[in-house]
Novice: 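Got a structure here, written out as structure tokens. Questions coming.
Keep in mind that what you see is a predicted model, and the values were worked out from it rather than measured. Just so we're on the same page: letters track the sequence lines, and every chain starts at 1.
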Protein chains: 2
Amino acid sequence: MLLESITVYDIAREANVSVATVSRVLNDTAPVRTSTRQKIMAIIEKHNFQPNVLARSLVNKKTGMIGVLFPDSSNMFFPEVFGGAERAAQKLGYTLFLCNTFSDCSRESEYLNSLCERQVEGLLFMGGRINSRHCPDALVQEVVHIQKKIPIVLINGSLPGHPCHRVKTDEYLGAQLLMQHLIDHGHRRIGFIGGTAETTTTFEKLQAYKRSLLANSLSYRQDWVRLGDFSMACGRKQMDQFMMMPERPTAFLCMNDYVAIGAMKAAISRGLRIPEDVAIAGFDDTQLASAMNPELTTVSQHSEQLGRQAMLILSKLIQKEKVKKLTVLEPTLLIRQSTQ
Amino acid sequence: MLLESITVYDIAREANVSVATVSRVLNDTAPVRTSTRQKIMAIIEKHNFQPNVLARSLVNKKTGMIGVLFPDSSNMFFPEVFGGAERAAQKLGYTLFLCNTFSDCSRESEYLNSLCERQVEGLLFMGGRINSRHCPDALVQEVVHIQKKIPIVLINGSLPGHPCHRVKTDEYLGAQLLMQHLIDHGHRRIGFIGGTAETTTTFEKLQAYKRSLLANSLSYRQDWVRLGDFSMACGRKQMDQFMMMPERPTAFLCMNDYVAIGAMKAAISRGLRIPEDVAIAGFDDTQLASAMNPELTTVSQHSEQLGRQAMLILSKLIQKEKVKKLTVLEPTLLIRQSTQ
DNA sequence: TTGTAAGCGTTATCAA
DNA sequence: TTGATAACGCTTACAA
């Protein structure tokens, strides 16, 4: 329940002017005699009057809000991305409306709906359906439909069959860089841990993994690819499984830093030394990577940049400027202790 | 710029009814003949009509939005807290409006202002001025003034001289538990790292630190307290300083997990073993703590709980229920490898 | 330089 | 069960 607040009418009455004049000094939208302006300002000050943005937005059809959908605030990667987006938004005069979908499709739909109703001026979309390799058409259509009215920028994802504005890191390249690094260090048996077959981000890395093996005449073994999810728990569990295998890889490419750290911990608790006995690489360069001991070799997605770029592009879209559909950021290989 | 959307009028016209009737089926606020209801529903469906929440909020004075101020999305503790708050909010039918103040007071003021203008129904406040030991009165007044109109719940902070609804972890107790643990393990020389003298959270821990020393007849040495900030960099830097000292502590109480990890890394890079040569304890039990190697002894603030509780209390406040002013959560000591 | 009045897209009060 | 119509708090032609 909101305050029974004072309105422009109250201010106008007290200043013996019309609401129009009050509005004028509020928005500096037309000349007002200095004396009346000052009188009005004083009264506004005195009552600590704040115009109701709802009413204002209703007439000028601008809310200054950008909706942001992301799958999981407990994976540092996402807070990093929307940290970057937020800084950019602030400069541009927008406020972010952050929505944690908890990777739940129906929650995603609800938020999508709610953000539209709330009249956000644009949408930044991460995770969920835009990373699904077999996204039900109904879910795609929801987004397509919204996009007719509200500009959307997809981050690290896509909507198959429907061109969208997208900003992404070249994850394929990132995985390739890591593979090459491992291979250059003499590893011939390399495993893959984490992610789900259903997600595009996993698929992309897996492709790079396979092709790198092929390109280096190394054999691809299905039992050396152990997916699961994106958590530390997954890394730990899968590494434990690898430990039971008679013949196991000497190096592991992990879906992300969390998985990598789980894998590291499992290996360490079995008495293995990293990187001497086993090399492990992560992805994303979240704070965790450099915090670890040994420090984790990983690939930076430049998460803040990613958020910033997406926001910049979105703002151009809102201004109805032409922007190229796809922006690709180049990842950076960060070689640290866990692989050499 | 928003869509020139279709309105209840368009629906009404097409259905040959009045807007009132459309509104009735939309809100189920009065009986409508089944046939007309169906007719209207069909048209709504067909056009994918979404009522404008702005207009709706304007009349019923409810936005369903809760503003959340927090200092830093790159410290996992805060995303964890608002993760908990968000889940609770969802159940209660509220949407969170997350605002990253980047620990900047003026940004905090701006957001405070913006959230009020946006007519949020309540405010969750973390960091910044509510953790300042000498908060300028102007900043306090800003909050006090807002509080007259909008319910506010402070998380782990307070507004000196102005009773507010607060949810907090007993950080004093938490620090005490850690100290006792270290002392029980035979440590007689214990240092303190991180935080700033200006913040209440640091002060509280420092108090516990000093009193624990006193209670155990251990001497307090000013040069064994090295503050700074809340970052890994700080932990690293201060530990490096400790390393230069002729006589140094055998154990360290750190302001938070980030500082502790920085300290750990500095110690390790100097060839010290943890915990054999030096014991290190953190605070907050962020994901980092259990990810580390060795795993970090720390204190859980039950961050999700904290967010959840705060949201629950806020919602009661919004419903104008009576709620006790102060809710204290008990921290939990988590003894891990870094201290034993 | 200022005021009047018509919107913005809803909901809610009265009558019918 | 329905329909006019007045709010909600603001901006903005259009007039004065």
Side-chain angles (χ1 to χ4, degrees), chain A residues 1-41 43-44 47-65 114 116-121 149, chain B residues 1-41 43-44 47-65 114 116-121 149:
Chain A
M1 187 180 319
L2 306 179
L3 45 159
E4 349 74 44
S5 38
I6 52 177
T7 74
V8 279
Y9 281 93
D10 301 315
I11 304 294
R13 190 178 323 117
E14 192 164 338
N16 273 314
V17 295
S18 75
V19 288
T21 309
V22 175
S23 174
R24 281 174 196 124
V25 344
L26 238 30
N27 301 287
D28 203 31
T29 179
V32 174
R33 187 186 302 149
T34 320
S35 61
T36 55
R37 150 168 283 121
Q38 284 172 342
K39 185 170 55 177
I40 292 173
M41 298 252 276
I43 296 174
I44 286 175
H47 293 309
N48 225 293
F49 167 70
Q50 289 180 313
N52 182 327
V53 171
L54 257 41
R56 176 178 288 175
S57 295
L58 191 55
V59 357
N60 54 220
K61 292 177 170 312
K62 284 185 185 172
T63 59
M65 298 197 310
S114 148
C116 285
E117 292 179 336
R118 291 209 136 87
Q119 317 286 324
V120 294
E121 296 187 49
K149 310 176 179 173
Chain B
M1 186 179 319
L2 306 179
L3 46 160
E4 348 72 47
S5 38
I6 53 178
T7 74
V8 279
Y9 280 93
D10 301 316
I11 304 295
R13 189 177 324 115
E14 191 163 338
N16 272 314
V17 296
S18 75
V19 289
T21 308
V22 176
S23 175
R24 280 177 197 121
V25 344
L26 238 29
N27 302 286
D28 204 32
T29 179
V32 174
R33 188 186 302 147
T34 320
S35 63
T36 54
R37 149 168 284 121
Q38 283 172 343
K39 182 170 56 176
I40 292 172
M41 299 251 276
I43 297 174
I44 287 176
H47 292 311
N48 225 292
F49 167 71
Q50 287 180 313
N52 182 328
V53 172
L54 258 39
R56 176 179 287 175
S57 296
L58 191 57
V59 357
N60 55 217
K61 293 177 168 312
K62 285 185 184 171
T63 58
M65 298 198 308
S114 148
C116 286
E117 292 179 335
R118 291 210 137 88
Q119 318 285 326
V120 295
E121 296 187 49
K149 309 175 179 174

Novice: Please tell me if the side chains of A:R24 and A:R37 come closer than 4.5 Å, counting only heavy atoms from C-beta onward.
Specialist: no
Novice: Roughly how many Å is it from CG in B:L26 to P in C:dA12, rounded to a whole number?
Specialist: 11 Å
Novice: Do A:E14 and A:H47 have side-chain heavy atoms sitting under 4.5 Å apart?
Specialist: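 They are in contact (side-chain heavy atoms under 4.5 Å apart), so the answer is yes.
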Novice: Can you check the B:R13 CZ to D:dT2 P distance for me, whole Å?
Specialist: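 It works out to 19 Å between those atoms.
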Novice: Are any of the side-chain heavy atoms of B:S57 and B:L54 separated by less than 4.5 Å?
Specialist: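 The answer is no; the side chains never approach within 4.5 Å.
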Novice: Where the side chain of B:T36 is concerned, which of C:dT11, D:dT2, D:dT12 is the nearest nucleotide?
Specialist: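 Ranking C:dT11, D:dT2, D:dT12 by closest atom to the B:T36 side chain puts D:dT2 first.
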Novice: Within the 4.0 Å heavy-atom criterion, would you say B:V53 contacts the bases, only the backbone, or no part of the nucleic acid?
Specialist: nothing
Novice: Please determine whether a side-chain nitrogen or oxygen atom of B:K61 lies at a distance below 4.0 Å from atom OP1 or OP2 of D:dG9.
Specialist: yes
Novice: Do the side-chain N or O atoms of A:T7 get closer than 4.0 angstrom to the phosphate oxygens (OP1, OP2) of D:dG9?
Specialist: no
Novice: From the list C:dA12, C:dG9, D:dC10, which nucleotide is the closest neighbour of the side chain of A:L58?
Specialist: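 Selected nucleotide: C:dG9.
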Novice: Mind calculating the distance between NZ (B:K62) and P (C:dG9) to the nearest angstrom?
Specialist: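 Result: 24 Å.
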Novice: With a non-hydrogen cut-off below 4.0 angstrom, is B:D10 in contact with a base, only sugar-phosphate, or nothing?
Specialist: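 If one applies the 4.0 Å heavy-atom cut-off, B:D10 turns out to touch nothing in the nucleic acid.
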Novice: Any side-chain N or O of B:N27 below 4.0 angstrom from OP1/OP2 of C:dT11?
Specialist: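 True: B:N27 side-chain N/O within range (under 4.0 Å) of C:dT11 OP1/OP2.
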Novice: If you check every side-chain atom of B:A20, which of D:dT11, C:dC8, D:dG3 has the closest atom?
Specialist: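 So the side chain of B:A20 is nearest to D:dG3.
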Novice: Side chains of A:K62 and A:E121, heavy atoms from C-beta outward: is any pair under 4.5 Å?
Specialist: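 They are in contact (side-chain heavy atoms under 4.5 Å apart), so the answer is yes.
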Novice: Round to the nearest Å and state the distance from B:N16 atom CG to D:dA4 atom P.
Specialist: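 That distance rounds to 11 Å.
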Novice: Checking contacts here: which listed nucleotide (D:dC10, C:dA12, D:dT1) is nearest the side-chain heavy atoms of B:P31?
Specialist: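 The answer is D:dT1, which lies nearest to the side chain.
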Novice: Among C:dT2, C:dT11, D:dG9, find the nucleotide with the atom closest to the side chain of B:R56.
Specialist: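 That would be C:dT11.
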Novice: Among C:dT11, D:dA4, C:dT10, which is the nearest nucleotide to the side chain of B:Y9?
Specialist: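 Selected nucleotide (nearest to the side chain): C:dT10.
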Novice: Is any side-chain heavy atom of A:V22 closer than 4.5 Å to a side-chain heavy atom of A:V17?
Specialist: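 Heavy-atom side-chain distance check passes, below 4.5 Å.
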Novice: Atom CD1 of A:I40 and atom C1' of C:dT1: how far apart are they, to the nearest Å?
Specialist: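 These atoms are roughly 11 Å apart.
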Novice: Just the rounded figure in Å: distance from P of D:dG9 to CD1 of A:I6.
Specialist: 11 Å
Novice: Here's a test of your reading of the structure: between A:V19 and A:V32, which maps to the more 5' nucleotide of DNA chain C?
Specialist: A:V32
Novice: Are any non-hydrogen side-chain atoms of B:Q38 and B:V25 less than 4.5 angstrom apart?
Specialist: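 A side-chain contact under 4.5 Å is absent here.
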Novice: Between C:dT4, C:dC14, D:dT5, which one does the side chain of B:R24 approach most closely?
Specialist: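 Output: C:dC14.
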Novice: Over all strands shown, is B:T21 touching base, sugar-phosphate only, or nothing at heavy-atom distances under 4.0 angstrom?
Specialist: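 Since only primed, P, OP1 and OP2 atoms lie under 4.0 Å of B:T21, the category is sugar-phosphate.
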Novice: Nearest to the side chain of B:V59, which nucleotide is it out of C:dA5, C:dT10, D:dG9?
Specialist: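 Within the option list, the nearest is C:dT10.
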Novice: Give me the bend of the helix from C:dT1-D:dA16 to C:dA16-D:dT1, using the axes of the five pairs at each end, rounded to 10°.
Specialist: 40°
Novice: Does a side-chain heavy-atom distance below 4.5 Å link A:N52 with B:Q119?
Specialist: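 They are in side-chain contact.
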Novice: Rounding to a whole Å, what distance do you find between A:L54:CG and C:dG7:P?
Specialist: 22 Å
Novice: Please check this pair: side chain of A:N60 against backbone of A:R56, looking for a donor-acceptor N/O pair closer than 3.5 Å.
Specialist: yes
Novice: Is the shortest side-chain heavy-atom distance between A:F49 and A:I43 below 4.5 Å?
Specialist: no
Novice: Looking only at the side chain of A:V17 (C-beta and beyond, no hydrogens), which of the listed nucleotides C:dG3, C:dT2, D:dT11 gets closest?
Specialist: C:dG3
Novice: Atom CD of A:Q38 to atom C1' of C:dT2: distance rounded to whole Å?
Specialist: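 A:Q38 atom CD is separated from C:dT2 atom C1' by 17 Å.
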